[in-house]
Amino acid sequence: MSQDIYPVKPHIAERAYIRSMDEYQRLYRLSLDNPDWFWGEQAKAITWFHPYQSVLDSDYEEVDFSWYSGGRLNASFNCIDRHLPDLGERTAIIWVEDEPGVYRHITYRELKHNVARVANVLLNHGVRKGDRVCIYMTMIPDLAYAMLACARIGAVHSVVFGGFSAEALRDRIIDAKCKVVMTANEGLRGGKKVPLKKTVDRAVEGMSLVEAVLVARRTDTDVEMRAGRDYWLDEECHRQRSTCTNAWMGAEDPLFILYTSGSTGKPKGLMHTTGGYLVYAAFTHRLIFDYHPGDIFFCAADIGWVTGHSYIIYGPLANGATTVLFESTPLYPDPGRYWRIIDDLGVNVLYTAPTALRALAQAGDSWVKKYRRDSLRILGTVGEPINPEVWRWYHDVCGDKRCAVVDTWWQTETGGVLITPLPGVTPTKPGSATLPFFGVKPVVIDVNTSKPLDGNGVSGALCLASPWPGQARTVWGDHKRFRDTYFSTYPGYYFTGDGVKRDEDGYYWITGRIDDVLNVSGHRIGTAEIESALVAHEAVAEAAVVGYPHDIKGTGIYCYVLLNSDYQNGDAEQLVGALKQQVRNAIGAFAAPDIIHIASGLPKTRSGKIMRRILRKVASSEYEGMGDTSTLAEPDVVQRLIDEHKLQHP
Ligand code: WTA
């Protein structure tokens, strides 16, 4: 691993909130020694309608963490209304449309009016405190209005990424029992249309649960509207007032549900609550991106994932920032898109994913150098391990060696960033997320002994030893699953599912998932979900899915399938196409397999357990060091798989 250290950047540290490593170390220790004091201080950045009684009330046995108990607040009030007296005319959101060069500035005052109208529409359709609302949109301002409108009236939003299929959307609507679905007639992304409303129609077909579908208008395209169920959002809004009271929410009342994939079973709806989440999102946004009033913050993630929730919507807006809402892709219409936006808008902070950076680096430096980028100060990355050479490219070329790179590690479950450098202050190493944020206590667990490894120069499973305000409280409707998934593997610790190395300097290097979750282009996909999609096809008897290194996506999806005897002599090419389509239908295009390997057998132990280690090796074209294969029921299967792999995917 790379050990070169990039020194601190005095010109950035100079105006940062934490200015030196000494200060970081001192505060970090305080945050662990006295969390009540530390998180009490941070809660002052939020406006409370009623003060809380205790900072943290936790029960480890029950895996129950309650932050700011007794406090009352509203996330929409904190993200909008409280800024109005001073910042009403400040731009809250800059919407960057798919079409290059088209920008729309939405002030905090406009945001309030739009959110209040949408909130009134929801109330008018019978949505009440605690009800769930599913939001299935692409990156348009209505998405922000919809989330904040839910928060305003105390409804719980469940945003489903606009790339999910009808089937996946349906599962999520049912699981959260959403009574209203908000969508758009269609979306636009990279010059292509996304048939959102059509997908919703298929998802809710025959479902009595969903009482109303509210449809935003992104394009001129007409869509089928079912009388009594479907309503145009703009028409509904015209009938509503632009004021709507903010509900007084308890700190522990749910703010949102967000589904994510795990090793087993169906995706889990992680539930985040109002007080702790908001404190954490706002605080991390301010420190890690060194937010100062007037800064323009561009997080290029999709709001359908947690990064967009915390760092496009809640964190920046709670801080009164100007946040960029980007409808398009980094490659549309060309690989200069990010840099053009940065120059056009004077962006100070860019936050994106390694997968985008790899694609841009591959397109060449000239796309970057064509633009000045002199407004940039901080470059953030998230979602997967960043290759050291891509980190250096980001730092040297995109940031002209002048900007601080922050590699931020976190998860849907954590609500906000947990391991990260502080910009300009923490000496960085390309590829390392460096050191824990305040209040965060990472522990490296030996996977063989299940014991924590002390000292430096160790690697194992990444766990967390202490609670923090932004953590998810439960899996919607299934607390046992929450406990079993995260708190039972290593009792007493939250297990992240990631592997990690703590180097000689105490720096953390995330090595990627060590469970059966793939990180494909920064999207989390459970291998079990893909497998169940494949075996649902009549030709497939058995399927095993693993990841393999992929230049752009980081991890590619490699599927081994065993066919039923009736299909063994059929048209293989056609079948491969059908199986890929099958996964698109079940999950979405972003989960489409890269490789389908029609296999003559799978490496199973005598007790029938598939040895995935071997499958991963073959998929990665690594034929040496298969380890002990003596327990295999049928040892020749390994060589057969290697031969098939070479033949089918030379
Ligand atoms: C991975 C995204 C290395 C990790 C915010 C984690 C990372 C999963 C990093 C969570 C990083 C995220 N370096 N790996 N800086 N950030 N990951 O829930 O495997 O979509 O467990 O949340 O992404 O993905 P999720």
Side-chain angles (χ1 to χ4, degrees), residues 1 159-161 163-164 256-263 267-272 277 280-281 284-285 288 299-312 314-315 351-358 379-388 390-391 394 405-421 426 428-437 440 442 459 461-464 470-472 475 485-486 489 494-501 507-527 547 553-555 590-591:
M1 267 178 200
V159 178
V160 176
F161 171 59
F164 275 109
F256 66 84
I257 301 170
L258 187 56
Y259 285 85
T260 193
S261 295
S263 318
K268 299 180 280 282
L270 270 312
M271 186 192 90
H272 284 278
Y277 172 81
Y280 201 73
T284 47
H285 172 259
I288 297 165
C299 167
D302 194 289
I303 294 176
W305 310 110
V306 75
T307 306
H309 279 60
S310 300
Y311 300 110
I312 298 177
Y314 290 110
Y351 191 29
T352 186
T355 188
L357 296 173
R358 286 190 295 266
L379 299 172
T381 156
V382 62
E384 44 176 327
I386 183 165
N387 331 47
V390 175
W391 192 105
Y394 201 24
V405 171
V406 288
D407 175 0
T408 64
W409 174 87
W410 60 295
Q411 312 180 294
T412 305
E413 293 85 345
T414 72
V417 174
L418 297 192
I419 303 182
T420 178
T426 310
T428 41
K429 300 184 189 187
S432 168
T434 74
L435 298 169
F437 189 69
V440 175
S459 45
L462 176 60
C463 289
L464 301 160
Q471 75 188 128
V475 168
T485 309
Y486 303 107
T489 319
Y494 166 83
F495 173 46
T496 63
D498 280 319
V500 72
K501 171 188 153 138
Y507 273 44
Y508 291 88
W509 299 73
I510 310 297
T511 52
R513 302 290 304 197
I514 52 175
D515 53 6
D516 291 318
V517 172
L518 304 181
N519 196 326
V520 180
S521 299
H523 301 328
R524 265 169 78 167
I525 306 170
T527 52
K553 297 179 173 183
T555 303
F590 66 95

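As the structure lists them, so they are numbered: ligands from 1, and atoms in each ligand from 1. Here the structure is a predicted model, which is why all the values come from computation and not from measurement.
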Any side-chain heavy atom of [X] within less than 4.5 Å of one from [Y]?
X: Thr408; Y: Ile419; result: no
X: Ile514; Y: Phe495; result: yes
X: Leu270; Y: Tyr259; result: no

Original post:
Identify the closest protein heavy atom to atom 10 (C) of ligand 1: which residue and atom is it, and at what distance?
Top reply: Trp410 O, 3.5 Å
Subject >> atom 16 (N) of ligand 1 [closest protein heavy-atom partner, distance rounded to 0.1 Å] >> reply: Gly383 N, 3.0 Å
Quick check on contacts: which atoms of ligand 1 are under 4.0 angstrom from a heavy atom of [X]?
X: Asp498; answer: 4 (C), 6 (C), 19 (O), 21 (O)
X: Asp407; answer: 11 (C), 13 (N), 15 (N)
X: Val382; answer: 5 (C), 16 (N)
X: Thr307; answer: 5 (C)

Without hydrogens or angle criteria, can the side chains of [X] and [Y] be said to hold a donor-acceptor pair below 3.5 Å?
X: Asn519; Y: Arg524; result: no
X: Thr414; Y: Tyr494; result: no
X: Tyr394; Y: Thr352; result: no

Close N or O approach ([X], ligand 1; < 3.5 Å):
X: Gly522; value: no
X: Thr408; value: yes
X: Asn519; value: yes
X: Thr381; value: no

Subject >> The one among Glu413, Arg524, His309 that brings a heavy atom closest to atom 20 (O) of ligand 1 >> reply: Arg524
Mode of [X] contact toward ligand 1 - side chain, backbone, both, neither (heavy atoms, under 4.0 Å):
X: Ala433; value: neither
X: Val306; value: side chain
X: Ile419; value: neither
X: Glu384; value: backbone
X: Thr412; value: both

Original post:
Can you list the steps and then say if Val520 with Glu384 is a side chain to side chain contact (heavy atoms under 4.5 Å, CB included)?
Top reply: CA-CA 9 Å; Val520 180; Glu384 44 176 327; over 6 Å; no
Subject >> Distance flag, aromatic centroids of Phe590 and Phe161, threshold under 6.0 Å >> reply: yes
**OP:** Indicate, with yes or no, if the rings of His309 and Tyr314 have centres closer together than 6.0 Å.
**Re:** no
**OP:** For Thr412 and Leu258, work out which heavy atoms get closest and say how close.
**Re:** CG2-CD2, 3.9 Å
Original post:
Does Trp305 come within less than 4.0 angstrom of ligand 1, counting non-hydrogen atoms of the residue?
Top reply: no
Original post:
Between Ile386 and Leu357, does a side chain to side chain contact (heavy atoms under 4.5 Å, CB included) hold up when you go through it step by step?
Top reply: CA-CA 9 Å; Ile386 183 165; Leu357 296 173; 4.0 Å; yes
